[in-house]
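Only heavy atoms go into these numbers, but all of them, side chains included; no hydrogens, no water, no symmetry mates. Whatever order the structure lists them in is the order used to number ligands and atoms, beginning at 1.
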Amino acid sequence: MQGIDRNTITDAVIASFARAQDPRMREVLAALVRHLHAFAREIELRPEEWRAGIAFLTAAAAITDERRNEFVLASDILGLTSLTDLLQSVPGATERSVLGPFHAEGSPLLPVGASLIGDNAGEPVLVRGRVLDMAGQPVRAATIDFWQTNAQGMYWQQDPSQPSDNLRFRMQPGDDGVYAFTTVRPAPYTVPYDGPVGALLRAGGRHAWRPAHFHFRVLAEGFAPLTTEVFPADDPYIDEDAVFGVRASLAVPFLKSDAADDAARYRLPRPFSLVEFDFRMAPVRSAQ
Ligand code: BEZ
Ligand code: FE
């Protein structure tokens, strides 16, 4: 391969992948090379800047283990994780949002109407809604997987003072699709910023805060798995989520309710906060 110069190198690298067996792999690699080279040309990438980029990746690898993945975090704060969610969005279905690192399999299965409050201090909240299909009909045999921080912004995995499985559950709505539970209002928290991603945030003049949120993963046969989040619309960080997970349709009011029947039924003090949120499930995509 002679005659490589600054004008021909991009096509030469793309051509070097021409024999990739899988056409999608060929397409992805060609676009990756095209955009990487365009990036370097646009900023006239200097050798010391290229070395700093490699040092970032090396530091991310060094800090990554089973519990912490700095590459996922880098993808999150660069908006790439959210962009892949947005590219999958189906008009009319509940919008997707990031999974984050605190989901765990095997949360306790609780009945509809269960309380998560226990010894958790904080503002009591009743959360309820339905799991629906695109026609607005209840989805049968759905499973909701839920997790959140406590009122100090900590997940139980980060905080030895919380019992294991605190503020998380799985729930199977009945044939009416209705789910309901009581909990405490979660709090904003920071994504980890003690590693190379933190250094990048600081260099970029950014903070590491996420607005408070509930995490949901809803599964039902025949429907695409839905991973999403629900945010209090009045959260101070609602417009500056470090990982770009907020969508307008997922920012909801935490209404003040004084309803005596709900308070009695769910053993809540009055007033309490009320969050009503329906999930709209998209049908599973046909194989591509
Ligand atoms: C979370 O919401 O749990 C989360 C998402 C992205 C990065 C870190 C945490
Ligand atoms: Fe989270």
Side-chain angles (χ1 to χ4, degrees), residues 56 59-61 63-88 94-107 116 120 122-123 125 127 144-159 162 164-170 181 183-202 204 206-218 225-247 249-252 254 275 277 279:
F56 173 86
I63 207 170
T64 293
D65 60 22
E66 277 149 32
R67 302 218 330 261
R68 173 171 182 172
N69 192 319
E70 198 76 354
F71 294 98
V72 176
L73 187 58
S75 165
D76 294 343
I77 66 103
L78 291 172
L80 185 59
T81 312
S82 277
L83 177 57
T84 56
D85 285 333
L86 291 163
L87 291 171
Q88 292 294 310
T94 300
E95 293 192 275
R96 297 162 189 280
S97 188
V98 296
L99 176 71
F102 295 106
H103 175 256
E105 299 296 338
S107 290
L116 301 183
N120 291 288
E123 178 183 313
V125 189
V127 186
I144 295 176
D145 204 340
F146 170 89
W147 63 108
Q148 68 165 89
T149 69
N150 67 4
Q152 282 72 49
M154 301 282 269
Y155 290 96
W156 70 267
Q157 296 99 321
Q158 304 171 291
D159 178 5
Q162 295 182 43
S164 39
D165 288 332
N166 194 32
L167 297 170
R168 65 179 51 220
F169 65 78
R170 283 173 302 141
F181 60 95
T183 185
V184 292
R185 180 171 169 143
Y189 65 84
T190 53
V191 300
Y193 58 88
D194 58 340
V197 167
L200 182 65
L201 288 171
R202 282 188 292 280
R206 284 176 53 180
H207 65 67
W209 286 93
R210 296 210 66 202
H213 51 271
F214 295 134
H215 286 277
F216 292 94
R217 189 161 158 76
V218 188
L226 171 65
T227 302
T228 193
E229 302 178 280
V230 170
F231 302 84
D234 62 353
D235 189 281
Y237 295 104
I238 198 72
D239 289 321
E240 39 185 297
D241 182 0
V243 304
F244 305 94
V246 180
R247 325 269 173 258
S249 66
L250 304 178
V252 302
F254 276 45
V275 174
F277 191 86
F279 299 98

Task: Numbered atoms and elements of ligand 1 in range of Gly100, under 4.0 angstrom, heavy atoms - done: 1 (C), 4 (C), 5 (C)
Task: Gln162 side-chain N/O to Met154 backbone N/O, donor-acceptor pair under 3.5 Å - done: yes
Open item on the list: Would you say that Tyr189 contacts His213 through its side chain, given a criterion of any heavy-atom pair below 4.5 Å between the two side chains?
Closed with: yes
Task: Side chain to side chain, Asn166 and Tyr155, heavy atoms closer than 4.5 Å - done: no
TODO: Would you indicate whether Asp65, at its atom CG, is surrounded by more than 12 heavy atoms from other residues, nucleotides or ligands within a distance under 6.0 Å?
DONE: yes
TODO: Answer yes when Asp194 and Arg68 have at least one side-chain N-carboxylate O distance shorter than 4.0 Å, and no when they do not.
DONE: yes
TODO: Would you please classify the geometry between the Phe181 ring and the Phe214 ring as parallel, tilted or perpendicular, with 30° and 60° separating the classes?
DONE: perpendicular
Task: Which of the ligand 1 atoms, numbered from 1, are nearer than 4.0 Å to a heavy atom of Phe102 - done: 3 (O)
TODO: Identify, by atom number and element, the atoms of ligand 1 in contact range of Asp76, meaning under 4.0 Å from any of its heavy atoms.
DONE: 6 (C), 7 (C)
TODO: Considering heavy atoms of the protein only, find what lies nearest to atom 9 (C) of ligand 1 and give residue, atom and distance to 0.1 Å.
DONE: Pro101 CD, 3.2 Å
- [ ] Evaluate the criterion side-chain hydrogen bond (donor to acceptor under 3.5 Å, both in side chains) for residue pair Ser82 and Arg247; output intermediate values, then yes/no.
- [x] CA-CA 10 Å; Ser82 277; Arg247 325 269 173 258; 3.2 Å; yes
Task: Count of N, O or S atoms belonging to protein, less than 2.8 Å from the Fe ion (ligand 2) - done: 4
TODO: Consider every N or O of Tyr189 and every N or O of ligand 1, then say whether any pair is closer than 3.5 Å.
DONE: yes
Open item on the list: What I want to find out is whether Arg210 reaches Asp241 closely enough, with some N-O distance under 4.0 Å, to be called a salt bridge.
Closed with: yes
Task: side-chain hydrogen bond (donor to acceptor under 3.5 Å, both in side chains) between Thr227 and Arg217, worked out - done: CA-CA 4 Å; Thr227 302; Arg217 189 161 158 76; 2.6 Å; yes
Task: Atoms of ligand 1, numbered as shown, that sit under 4.0 Å from any heavy atom of His215 - done: 1 (C), 2 (O), 3 (O)
